[in-house]
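Heavy atoms only: backbone and side chains are in, while hydrogens, waters and symmetry mates are out. Just follow the structure's listing: the first ligand is 1, and inside any ligand the first atom is 1.
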Amino acid sequence: MNKTVFITGATSGIGKSCAFKFAQNNYNLCITGRREERLKQLKSQLEKDYNVKVTILVFDVRERMTVKNTIDKIKDQTIDVLINNAGLAVGMDQIQDGSIDDWDQMIDTNVKGLLYVTRSISPMMVEQKSGHIINIGSIAGKEVYPKGNVYCASKHAVNALTKAMRVDLLEHGIRVSQIAPGAVKTEFSMVRFKDDLQTADSVYKGFKPLRPEDIADIAFYITTLPPHVNVNDILVMPTAQASATQLIRK
Ligand code: NDP
Ligand code: 8X3
C-alpha cells in the first residue's frame, strides 16, 4: 500500500518540489496552501503522471480553527510523513524600522502555523505509533544577519521546536528531522521583497543557488533510511555560500 505525505505550502518552491519527489516515489499526497487553483493544477498533473492519490486541503496555516477542522476531515487516513514547509519572510528592515504587520505575519505563519498543523497531525502519528515529521528550518535558524531579525527569530523557533518535538515524541517512535537550507531559488525573495522583481532577482545573481529539487531530494532521502535511523538536522548550503552573510558572487 502506498504511504502518504502531508505537505504544507505545496503551491510553490520547496513544497511543490517535495510533492513531485514523493509522487514519483509512489506516495499519496495531501497538499496544502492558500492558492487553490495551483493546488488543483498540481493534483491533476501528479495524478496523471504518477498514478497516485492527491488530496487538496486549502487553508491558511495562521487560521487555527480552520487548520483543525480541515485536518479533522482526514483523520481516518494514515499520515506517514508531515513536511512542515509553509513559511515566508516578509520585509527586510532594521529592527527600529520594521513593520509590525510583517512581524506578525512571519511569526503567525512560521511558528504558530507550524504548531497548529503539528498539533493536529502528531496525535494521528502517536495513535499509529509511527510517523516522520520534517520541519523546514533555515540557515536563519542557526545564525542572525542584518535586517533578518524577526524572520531569523521565527526560524530559531523552528530549530528549537524541532528538538522539542523529537524529545516529546521519542516514546512514540516518531522521527523528527529538520532541514535548514541556505539560499534556495523559489518565490521566497519575491514574497520577502513584496513583488519587487529586480531586488528579488538580485538575491540569486552571480552564484548558483540551491534548487527546490535539492531540498526535496534530501527530504525524500531521509525518509528512506531504516526505521531505527533518524537524521536530526541537515544544514545545507549552496557551495558558493559559507554562512548567512558569506557568499561568493562572480
Ligand atoms: P515559496 O514562497 O516558493 O513557497 C512558500 C510556500 O508557503 C507556498 O506554497 C505558500 O503557499 C506557503 N505559505 C506561505 N504562507 C502561508 C500561509 N499563511 N498558509 C499556508 N501556506 C502558506 O518559498 P520557499 O519554497 O522557498 O519556502 C518554503 C519554506 O522554506 C519556508 O518555510 C521558508 O522559510 C523556507 N526556506 C526557504 C529558503 C529559500 O532560500 N528559499 C531557505 C531556507 C528556508 P500559498 O501562498 O499558496 O499559501
Ligand atoms: C531563507 C534563507 O538566508 O534568506 O531562509 O534567511 S535566508
For ligand 2, which atoms sit closer than 4.0 Å to a heavy atom of [X]?
X: Tyr151; value: 1 (C), 5 (O), 6 (O)
X: Ile139; value: 3 (O)
X: Ala140; value: 6 (O)
X: Ser138; value: 1 (C), 2 (C), 5 (O), 6 (O)
X: Arg192; value: 4 (O)

Lys/Arg N to Asp/Glu carboxylate O, [X] vs [Y], below 4.0 Å:
X: Lys43; Y: Glu37; value: no
X: Glu171; Y: Arg166; value: no
X: Lys205; Y: Asp201; value: no
X: Asp102; Y: Lys194; value: yes

Protein contact of [atom] - nearest heavy atom, named by residue and atom, plus distance:
atom: atom 48 (O) of ligand 1; answer: Arg34 NE, 2.6 Å
atom: atom 18 (N) of ligand 1; answer: Asp60 OD1, 2.9 Å
atom: atom 43 (C) of ligand 1; answer: Pro181 O, 3.3 Å
atom: atom 4 (O) of ligand 1; answer: Ser12 OG, 3.7 Å
atom: atom 21 (N) of ligand 1; answer: Ala86 CB, 3.6 Å
atom: atom 7 (S) of ligand 2; answer: Tyr145 OH, 3.5 Å
atom: atom 19 (N) of ligand 1; answer: Val61 N, 3.0 Å
atom: atom 33 (C) of ligand 1; answer: Tyr151 OH, 3.7 Å
atom: atom 31 (C) of ligand 1; answer: Asn85 O, 3.2 Å

Check the pair Arg34 / Phe59 against side chain to side chain contact (heavy atoms under 4.5 Å, CB included), numbers first and verdict last. CA-CA 5 Å; Arg34 292 165 298 178; Phe59 61 81; over 6 Å; no
Between Asn159 and Gln178, a side-chain donor and acceptor under 3.5 Å: yes
Option nearest [atom] (shortest heavy-atom distance, choices [options]):
atom: atom 42 (C) of ligand 1; options: Gly182, Ala89, Pro238; answer: Gly182
atom: atom 35 (C) of ligand 1; options: Val184, Val191, Ile136; answer: Ile136
atom: atom 20 (C) of ligand 1; options: Phe188, Tyr116, Phe59; answer: Phe59
atom: atom 10 (C) of ligand 1; options: Thr186, Leu210, Thr11; answer: Thr11
atom: atom 27 (O) of ligand 1; options: Gly13, Gly9, Ala19, Gly87; answer: Gly87

If you compare all heavy atoms of Gly182 against all heavy atoms of Leu210, which two are closest, and at what distance to 0.1 Å? N-CD1, 4.2 Å
Kindly give the heavy-atom pair with the smallest separation between Phe6 and Val117, and that separation in Å. CE2-CG1, 4.1 Å
Examine distances only and state if a side-chain atom of [X] and a backbone atom of [Y] form a donor-acceptor pair shorter than 3.5 Å.
X: His132; Y: Ile174; answer: no
X: Asn135; Y: Val158; answer: no
X: Asn230; Y: Val176; answer: yes
X: Glu47; Y: Val54; answer: yes
X: Tyr204; Y: Val184; answer: yes

For [X], counting its heavy atoms only, list the atoms of ligand 1 lying under 4.0 Å from any of them.
X: Ala183; result: 40 (O)
X: Gly137; result: 43 (C), 44 (C)
X: Arg62; result: 18 (N)
X: Ile14; result: 25 (O), 30 (O)
X: Ala10; result: 9 (O)

Does the N or O separation between Glu187 and ligand 1 drop below 3.5 Å for any pair? yes
Test Ser130 against Asp80 for side chain to side chain donor-acceptor pair (under 3.5 Å), laying out the working first. CA-CA 7 Å; Ser130 69; Asp80 299 283; 5.1 Å; no
Sub-4.0 Å heavy-atom contact, [X] with ligand 1:
X: Met190; result: no
X: Thr8; result: no
X: Gly113; result: no

Using the side chain to side chain contact (heavy atoms under 4.5 Å, CB included) rule, take Ile133 and Arg175 through it: C-alpha gap first, then chi angles, then the decisive distance, then the call. CA-CA 6 Å; Ile133 299 174; Arg175 297 194 282 188; over 6 Å; no
Checking salt bridge (Lys or Arg N to Asp or Glu O under 4.0 Å) for the pair Glu213/Lys185: CA distance, chi angles, key distance, verdict? CA-CA 10 Å; Glu213 294 87 348; Lys185 190 169 181 189; over 6 Å; no
Using a 4.0 Å heavy-atom cut-off, which part of Lys155 comes near ligand 1: side chain, backbone, both, or neither? side chain
Would you say the side chain of Lys142 lies within less than 4.5 Å of the side chain of Asp233, judging by non-hydrogen atoms? yes
